2 protein chains.
Amino acid sequence: MDTGDRLLTPGEVAALFRVDPKTVTRWAAAGRIGSIRTPGGHRRFRESEVRALLEGEGMLEESDDMGRPRNAGPATSPGPGAGPANAGMY
Amino acid sequence: MDTGDRLLTPGEVAALFRVDPKTVTRWAAAGRIGSIRTPGGHRRFRESEVRALLEGEGMLEESDDMGRPRNAGPATSPGPGAGPANAGMY
DNA sequence: CTAAAATAGGGTAATTTGGGTT
DNA sequence: AATGTCCAAATTACCCTATTTT
């Protein structure tokens, strides 16, 4: 199977998500999506990861009620569930 | 381990980075990547170096926005006068 | 030796980056 | 906190033809 190790440009990812390329850059800077840098500093994204984000996340996670408590967290799972890494200092 | 001393053509390197072959040539001209010239003037790149550039910067990285030591690489080509690039990004 | 593909080199648009702001 | 827009600079992409490689 083609895992899709092809690389996509920021503009392509932005078109897939219907967002501004700048937003994709912010996602990469925040660690929400993996990125590969060219020697010149431009970013490339793995198609497999992008497609996983596109159609593989709206099924078994944050369904509707208990997916992501935005304020009334049980305080027992500090787990990174929604925010894996980064400190969002951008 | 396969050190990967095989030589890659500009087209191969370009496909790996998802860039234009001309861009790879520009990297070599700027000293960002080591290059070997054929007697005819064409360039060849070491697979080990290319893979180091690919994996060394975009694999287990998540928040890599600020602080990008791009010039701390192998210094294989000191690049005589090809330095209009780094040093002062902005 | 001939032919096709790739590369080098130069020059000009398009994209991307990073910061600051809305 | 997240996204979109403006700006200046850098990087990259596509145009061409000549040379090299296969």
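In this text the structure is predicted, and so the values were computed from the model without any measurement. Throughout, protein chains are lettered first and strands after them, A, B, ... in sequence-line order, and every chain is numbered starting at 1.
Taking the side chain as every heavy atom from C-beta outward, B:Asp5 and B:Ser48 never approach each other to under 4.5 Å.
Side-chain atoms of A:Glu49 never come within 3.5 Å of backbone atoms of A:Ile33 as a donor-acceptor pair (strictly under, hydrogens ignored).
Rounded to 10 degrees, the angle separating the terminal axes of the helix from C:dA3-D:dT22 to C:dG19-D:dC6 is 60°, with each axis obtained from five end pairs.
Pairs engaging residues 19-31 of chain B under the side-chain hydrogen bond (donor to acceptor under 3.5 Å, both in side chains) rule: none recorded [sequence neighbours left out].
With rounding to the nearest 0.5 Å, the separation of CZ in A:Arg37 from CG in B:Leu53 is 13.5 Å.
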Run the side-chain donor-acceptor check on residues 8-19 of chain B: report pairs under 3.5 Å with partners two or more places apart or on a different chain.
residue: B:Thr9; atom: OG1; partner: B:Glu12; partner atom: N; Å: 3.3
residue: B:Arg18; atom: NE; partner: A:Leu7; partner atom: O; Å: 3.2
residue: B:Arg18; atom: NH2; partner: A:Glu12; partner atom: OE1; Å: 3.1

Check the interface with nucleotides 20-22 of chain D: list each N/O to N/O pair with the protein under 3.5 Å, or write none.
residue: D:dT20; atom: O4'; partner: B:His42; partner atom: NE2; Å: 3.4
residue: D:dT21; atom: OP1; partner: B:Thr38; partner atom: OG1; Å: 3.1
residue: D:dT21; atom: OP1; partner: B:Gly40; partner atom: N; Å: 3.0

Give each protein N/O atom lying under 3.5 Å from an N/O atom of nucleotides 1-3 of chain C, with the pair distance.
none

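Summarising the geometry of A:Gly34 relative to A:Phe45, their closest heavy-atom pair is O-CD2, 3.3 Å, with the distance given to 0.1 Å.
A close approach under 4.0 Å does not occur between any side-chain nitrogen or oxygen of A:Arg43 and OP1 or OP2 of C:dT16.
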For side-chain contact (heavy atoms from CB on, under 4.5 Å), just list the numbers for B:Arg44 and B:Thr38, CA-CA rounded to whole Å, side-chain angles, deciding distance to a tenth of an Å, and then say yes or no. CA-CA 7 Å; B:Arg44 296 286 121 95; B:Thr38 66; 4.0 Å; yes
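Results of the side-chain contact (heavy atoms from CB on, under 4.5 Å) test with B:Ser35 over B:His42, B:Arg46, B:Arg43 single out B:Arg43 as the only residue that passes.
A heavy atom closer than 4.0 Å to some atom of DNA chain C occurs in B:Lys22, B:Thr25, these being the qualifying members of residues 14-27 of chain B.
As a whole-Å value, the separation of B:Ile36 CD1 from C:dA8 P is 13 Å. In this structure, CD1 of A:Ile33 is placed 15 Å from P of D:dA2, rounded to the nearest angstrom. Nucleotide C:dA14 holds its P atom 17 Å from the CD atom of A:Glu12, rounded to whole Å.
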